[in-house]
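Remarks on the structure that follows.
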Amino acid sequence: MPGWADLVGDVLEVAPRLLGAVVRHGDVAVRLTEVEAYDGPGDPGSHAFNGQTRRNATMFGPPGRLYVYFTYGMHHCCNVVVGAEGTPSAVLLRAGEVVDGIDAARERRKGSDRDLARGPARLCEALGIDLRHDGVDLRTGPVTLTPAARAETRVATGPRVGLRGAPDRPWRFWIEDDRFVSTYRPAVARPSR
DNA sequence: GTTGCGATGCGCT
DNA sequence: GCGCATCGCAACA
């Protein structure tokens, strides 16, 4: 039975284990269908690449916390910190399916139910997550993460987009054939497991 | 389904 | 100043 111990460590191993986990804030709960890995201080795509700043301090803290940032002047995105304290590895929560509190989610977001949390900024909006939640401990709330009961078996992987000089490794993980996966930046699916 | 573009504020050089 | 781990909408296929 997977638990929190499985969600700390090497980000490329931990990230796929977050698929199927449930994030809850108040009445709304989202089952994760798509995530993306950010691998420590040597990852040129990471906010932590240029060292610790006020904004990214949570990434350098202990694992099991939520790292929330504000971007494009209007959107929030959230990550789960998975690296040991001092190692800024985190997993961006890119998409999910609202599995509880759908009425509350609909009040926050217009559009189809399928799109309520399909996209990192949409997911945050559906859950009502903003900068006030940066650094919260996901074991104690108010935002909580419940590990998946069993590992997802149909996991697909693909490259991140728009990065230079990044190692050739899979960075994005999603549940294959799940309707609640972002198609905004399509990637070539490749069976994993 | 896809592509193109504007919105909009903050962190960092 | 520039660029951003994005989104919604319009136009098109």
Side-chain angles (χ1 to χ4, degrees), chain A residues 11-12 14-16 18-19 21 23 28 30 32-61 63 65-83 87-98 105-135 138 143 145 156-174 176-189:
Chain A
V11 68
L12 292 179
V14 172
L18 280 168
L19 295 172
V23 181
V28 180
V30 169
L32 300 178
T33 58
E34 180 184 357
V35 299
E36 190 163 278
Y38 288 85
D39 189 15
D43 180 353
S46 171
H47 287 171
F49 185 60
N50 289 312
Q52 184 170 349
T53 65
R54 181 179 223 83
R55 177 208 212 189
N56 65 22
T58 298
M59 291 185 80
F60 289 81
R65 307 248 258 236
L66 192 69
Y67 166 51
V68 183
Y69 66 91
F70 182 69
T71 190
Y72 288 102
M74 60 191 103
H75 297 305
H76 296 277
C77 297
C78 62
N79 303 247
V80 175
V81 177
V82 303
T87 300
S89 291
V91 179
L92 173 69
L93 308 184
R94 286 199 57 90
E97 172 184 6
V98 176
R106 285 174 180 147
E107 282 180 27
R108 295 194 180 112
R109 289 194 43 77
K110 55 187 178 186
S112 71
D113 287 353
R114 187 187 181 208
D115 285 344
L116 284 176
R118 194 171 67 140
R122 293 166 172 176
L123 184 147
C124 278
E125 195 182 354
L127 283 166
I129 289 173
D130 58 37
L131 286 178
R132 293 172 306 182
H133 306 291
D134 181 39
L138 288 164
V143 181
L145 177 79
T157 70
R160 289 188 309 200
V161 180
L163 285 183
R164 307 168 358 208
D168 184 18
R169 285 182 282 171
W171 298 101
R172 302 176 63 204
F173 303 85
W174 64 93
E176 197 158 30
D177 298 328
D178 194 289
R179 291 175 7 97
F180 297 87
V181 167
S182 165
T183 56
Y184 184 60
R185 292 199 286 181
V188 180

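As a basis for the values below, the full set of heavy atoms in this structure was taken, side chains included, without hydrogen atoms, waters or symmetry mates. We name chains A, B, ... by the order of the sequence lines, and we start the count at 1 in each one.
- Atom CG in A:Asn56 sits about 14 Å away from atom C1' in B:dC10, given to the nearest Å.
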Audit row: A:Val98, A:Val30, side-chain contact (heavy atoms from CB on, under 4.5 Å) steps and yes/no: CA-CA 4 Å; A:Val98 176; A:Val30 169; 4.1 Å; yes

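- Of the side-chain N and O atoms in A:Arg109, one or more sit less than 4.0 angstrom from OP1 or OP2 of C:dG8.
- Distances from the side chain of A:Thr53 to the nucleotides C:dC7, B:dC12, C:dC9 place B:dC12 closest.
- Scanning both residues, A:Arg179 and A:Arg114, for their nearest heavy atoms gives O-NE, 2.9 Å.
- Under the 30°/60° scheme for interplanar angles, the aromatic rings of A:His76 and A:Phe70 are found to be tilted.
- With rounding to whole Å, A:His76 atom NE2 is found 15 Å from B:dT8 atom P.
- You'll find the side chain of A:Leu93 reaches within 4.5 Å of the side chain of A:Val35, heavy atoms only.
- Candidate nucleotides B:dC10, C:dG8, C:dA5 were compared by shortest atom distance to the side chain of A:Phe70, and B:dC10 ranks first.
- A:His47 has a side-chain polar atom (N or O) that falls below the 4.0 Å cut-off from OP1 or OP2 of C:dA5.
- Between A:Asp115 atom CG and C:dC9 atom P the separation is 11 Å, expressed in whole Å.
- For C:dC7, neither phosphate oxygen OP1 nor OP2 lies less than 4.0 angstrom from any side-chain nitrogen or oxygen of A:Lys110.
- Per the geometry, OH belonging to A:Tyr69 stands 18 Å off P belonging to C:dG3, to the nearest Å.
- A stacking contact between A:Tyr72 and B:dG9 is absent: the pair does not combine a ring-centre distance of less than 5.5 Å to the base's six-membered ring with planes differing by less than 30°.
- A:Arg54 comes within 4.0 angstrom of no nucleic acid atom, judged by non-hydrogen atoms across all strands.
- Contact between the side-chain N/O atoms of A:Arg172 and the OP1/OP2 oxygens of C:dA5 is not found at any separation under 4.0 Å.
- Picking from C:dT6, B:dC12, C:dG8 the nucleotide with the shortest atom distance to the side chain of A:Ala121 gives C:dT6.
- Listed nucleotides C:dC4, C:dG8, C:dC7 differ in distance to A:Thr71; the shortest reach to its side chain belongs to C:dC4.
- Residue A:Glu34 is tested with A:Asp178, A:Val181, A:Leu92 for a side-chain contact (heavy atoms from CB on, under 4.5 Å); the sole match is A:Val181.
- Per the geometry, CD belonging to A:Glu36 stands 15 Å off P belonging to C:dC4, to the nearest Å.
- Rounded to an integer number of Å, the gap from CD of A:Glu125 to C1' of C:dG8 is 11 Å.
- As rounded to whole Å, 13 Å separates atom P of C:dC7 from atom CG of A:Leu116.
- Protein atom CG of A:Asp134 is 12 Å distant from nucleotide atom P of B:dG11, rounded to whole Å.
- Closest heavy-atom contact between A:Ala37 and A:Leu12: CB-CD2, 3.7 Å.
- Here the nucleotide nearest the side chain of A:Met74, chosen from C:dC9, C:dA5, B:dT8, is B:dT8.
- Closest approach to the A:Arg55 side chain among C:dC4, C:dC7, B:dG11 is made by B:dG11 (side chain taken as heavy atoms from C-beta onward).
- With a 3.5 Å ceiling on both atom-pair distances, the Watson-Crick or G-U wobble partner of C:dC4 is B:dG9.
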